[in-house]
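Everything on this sheet refers to the single structure shown next.
From a predicted model like this one, the values you see are computed outputs, not experimental measurements.
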2 protein chains.
Amino acid sequence: MATLKDIARALDLSITQVSRALNDHSDVNEETRLRVKATARAMNYHPNASARKLVSGRSGMVGLVVPNYRNIGQDRLFMEVVAGLSTQFSGRGMQFVLHMMAEHEPALPTYQRLIGKAMLDGFVLIDPQDQDPRIDFLRKAGLSFVVHGRSGKTIDYPYFDIENEQLAYDLTAHLVARGHRRIAFLNGVAGRSYVTVRAQGYLRALQDGGAEVLPHLHLHGEMDEAHGLTDTVRLFSGEAPRPTAIICGNVRLAQGVYQALAALGLSVPGDVSVVAHDDELPALRASAFFPSLTVTKAPLRDSWEPLADCLAGAIEGKPLATLQRIGRYTFIERNSVAAL
Amino acid sequence: MATLKDIARALDLSITQVSRALNDHSDVNEETRLRVKATARAMNYHPNASARKLVSGRSGMVGLVVPNYRNIGQDRLFMEVVAGLSTQFSGRGMQFVLHMMAEHEPALPTYQRLIGKAMLDGFVLIDPQDQDPRIDFLRKAGLSFVVHGRSGKTIDYPYFDIENEQLAYDLTAHLVARGHRRIAFLNGVAGRSYVTVRAQGYLRALQDGGAEVLPHLHLHGEMDEAHGLTDTVRLFSGEAPRPTAIICGNVRLAQGVYQALAALGLSVPGDVSVVAHDDELPALRASAFFPSLTVTKAPLRDSWEPLADCLAGAIEGKPLATLQRIGRYTFIERNSVAAL
DNA sequence: TATGTTTTCCGAAACGTTTCGGTAAAACCG
DNA sequence: CGGTTTTACCGAAACGTTTCGGAAAACATA
């Protein structure tokens, strides 16, 4: 492999000057810069990442740490994340390191170890929890990172997120405006920050609309078909007052809800109205539901580019204001809601 | 982060001696070695991967390069590979770098660039083609690698593979032994080395059994439900003599074949016998078919550990003989084959 | 002409590690 | 006891890069 020394020798220049030419520093003659770049290309030169990292602190490598679990290979969400982020970083000439923790391995020591090796420039943090300790940890360690979502009181770090509070508010208010008063919310796993924030939007809309807050209608759990199914069955059995509408945290939940309602002999939207948030995971189209599903839509696919942008920016030391981004969502009214 | 210098200062030793103690070299007092290791742990020391790579050529990082394509996020196989390998390497304290090529980007320059950065110790090569150029390229570059499969005339590199030739032979011979003479083979995409090798086994068994070789019964294509379905329809329409048995390259193909046969009003195994090779991808169980499917079984899941083993071994310079491994497969007879 | 300024270059140090060659001191040997 | 071997240590160089502090040459200013 060609090194700076090789190029310097070939051009009868100093290593210093070659380095400065390649890195577009100011004090190098324009013609020299061109000559250097030309021979660098000709000699197939690529800067040695280790050497560069050692002295400048930059290696161009970023990491994603994910907990392992049985059947992670079948988790659509995980695949989307990995494929999306990896594509983004590869496209920027950066390296994407995927670290899978052993099941039940604690997270912070894993980050600690990776940081200790000093080969990563930063991390992408997905799936933040309320008060996620990783954020504090990385902040203290002084490493760059970007969060997919927001967590904690002081949001003084780069992130990409959507307005989950407002989105839950919109979905709820849409139902309230149509006369619904007992509105169920099939939310995600308690503790995840977007789940908490959506809960706030849901409650705010209920209160704004003067609707009752019935705790037994607010359910938490994994957002898959199975939970949509069993949660719906639970809502419509027992003594407690039954909902006239259901909000689903995602479309997979809605899928289960539709199945359960059909099984219970209840029609959508005649007996029960249903709305959902749509991450637009492929292979599950809300518009293809019958009746088609009213949703707030924010494709998850649109997250990877801004996330990579923000992390790259953070590593380059860009100002924080440019590294905090909010993705848009759209409200799409279809045929799954009826007025009471 | 603590460095060797810090430890040396704390113990009033030289950096040299600390390094040698930590790396279990011979000429260091046993008691000193223990003291050094203890303080290293206490000071939370982790060797700087960049510095180490720079001087010793080892970084503990390996790469996987995959071509990107639409909907890769939904490719079960891809995710199994990534999740499996990543877990294996993470568990060995190695780093796993996932590089996604842009669609239609040529492979060799990508490897070239990654090699140029000199941060990877080796590569895992999946999905080798007949005469795969990557193998030659990496061999010439002098980098360690392990191939999932075998390709080319001279197999003088580390690999993990199963006996695809014999497996295709077994499936075919099983049918021949039961009197079948017109046996179709739904093979994978032409050019992939395992596809070529399976074709050889298929042909050998036909000839050994004195069965006719009918080229129109040997089909190539992606191994998914859709191809299983359309290939079956094609086999049973038109003038050409129809098969009495079908061999499927995997269970997803078999799924499509079952659907197509049902639609055509043909019964398994009454009208048509079906066998397949089973990679045991989750969520598609050959035993749960009706009638249950006769297969050769070799779980893909069992590949990641030997692959990681072999690559790690290659990097450490172990002898080639220990780095060429063959995985077992089992023949499982169920209810999808009838004698003629 | 003397003095500053800009342009363009360079030597040397530094990053953290491994390793080569060397060296005292202790141990061993006949 | 002289000589050899073994033990346990260390200094310095090397890996390839970036960057600091200078410095020669060219040019502008007074």
- May I have the distance from B:H25 (atom NE2) to D:dT7 (atom P), rounded to whole angstrom? 17 Å
- Query: Under 3.5 Å, is there a donor-acceptor pair linking the side chains of B:D132 and B:S151?
  - Reply: no
- Message: With the threshold set at under 4.0 Å for non-hydrogen atoms, list the residues of residues 47-56 of chain B touching DNA chain D in residue-number order.
- Response: B:L54, B:V55
- Salt bridge A:E80-A:R76, side-chain N to carboxylate O under 4.0 Å: no
- Query: In Å and rounded to the nearest 0.5 Å, what is the NZ to CZ distance from A:K117 to B:R52?
  - Reply: 7.5 Å
- Contact list for DNA chain C against residues 5-17 of chain B - heavy-atom distance below 4.0 Å: B:I15, B:T16
- Within-4.5 Å side-chain heavy-atom neighbours: B:Q112 and A:N44: yes
- Message: Under the rule for ring pair (Phe, Tyr, Trp, His ring centres under 6.0 Å), what residues qualify as partners of A:F123, not counting sequence neighbours?
- Response: A:Y111
- Identify, between A:N23 and A:D27, the residue whose nearest nucleotide on DNA chain D lies closer to the 5' end. A:N23
- Query: What distance separates A:I126 CD1 from A:S303 OG, expressed to the nearest 0.5 Å?
  - Reply: 11.0 Å
- Message: Categorize A:N29 for me: base, sugar-phosphate, or nothing, with a 4.0 angstrom heavy-atom threshold over every strand shown.
- Response: sugar-phosphate
- Item | Outermost nucleotides of DNA chain C that come under 4.0 Å of a non-hydrogen atom of chain A | C:dT8 to C:dG16
- Item | Partners passing ring pair (Phe, Tyr, Trp, His ring centres under 6.0 Å) against B:F96 (at least two apart in sequence or in another chain) | none
- Note on the structure: Separation between OH (B:Y157) and CG (B:L323), nearest 0.5 Å, reads 13.5 Å
Which pairs would a plain distance check flag for residues 97-110 of chain B, meaning a side-chain donor or acceptor within less than 3.5 Å of a matching protein atom at least two apart in sequence or in another chain?
{"residue": "B:H99", "atom": "ND1", "partner": "A:Q95", "partner atom": "NE2", "Å": "3.2"}
{"residue": "B:E103", "atom": "OE2", "partner": "B:R70", "partner atom": "NH1", "Å": "3.2"}
{"residue": "B:E103", "atom": "OE2", "partner": "B:R70", "partner atom": "NH2", "Å": "3.4"}
{"residue": "B:E105", "atom": "OE1", "partner": "B:A102", "partner atom": "N", "Å": "2.7"}
{"residue": "B:E105", "atom": "OE2", "partner": "B:T110", "partner atom": "OG1", "Å": "3.1"}
{"residue": "B:E105", "atom": "OE2", "partner": "B:R113", "partner atom": "NH2", "Å": "3.3"}
{"residue": "B:T110", "atom": "OG1", "partner": "B:P106", "partner atom": "O", "Å": "3.1"}

- Task: For the pair A:D156 and A:R139, find out whether any cationic side-chain nitrogen is under 4.0 Å from an anionic carboxylate oxygen.
- Result: yes
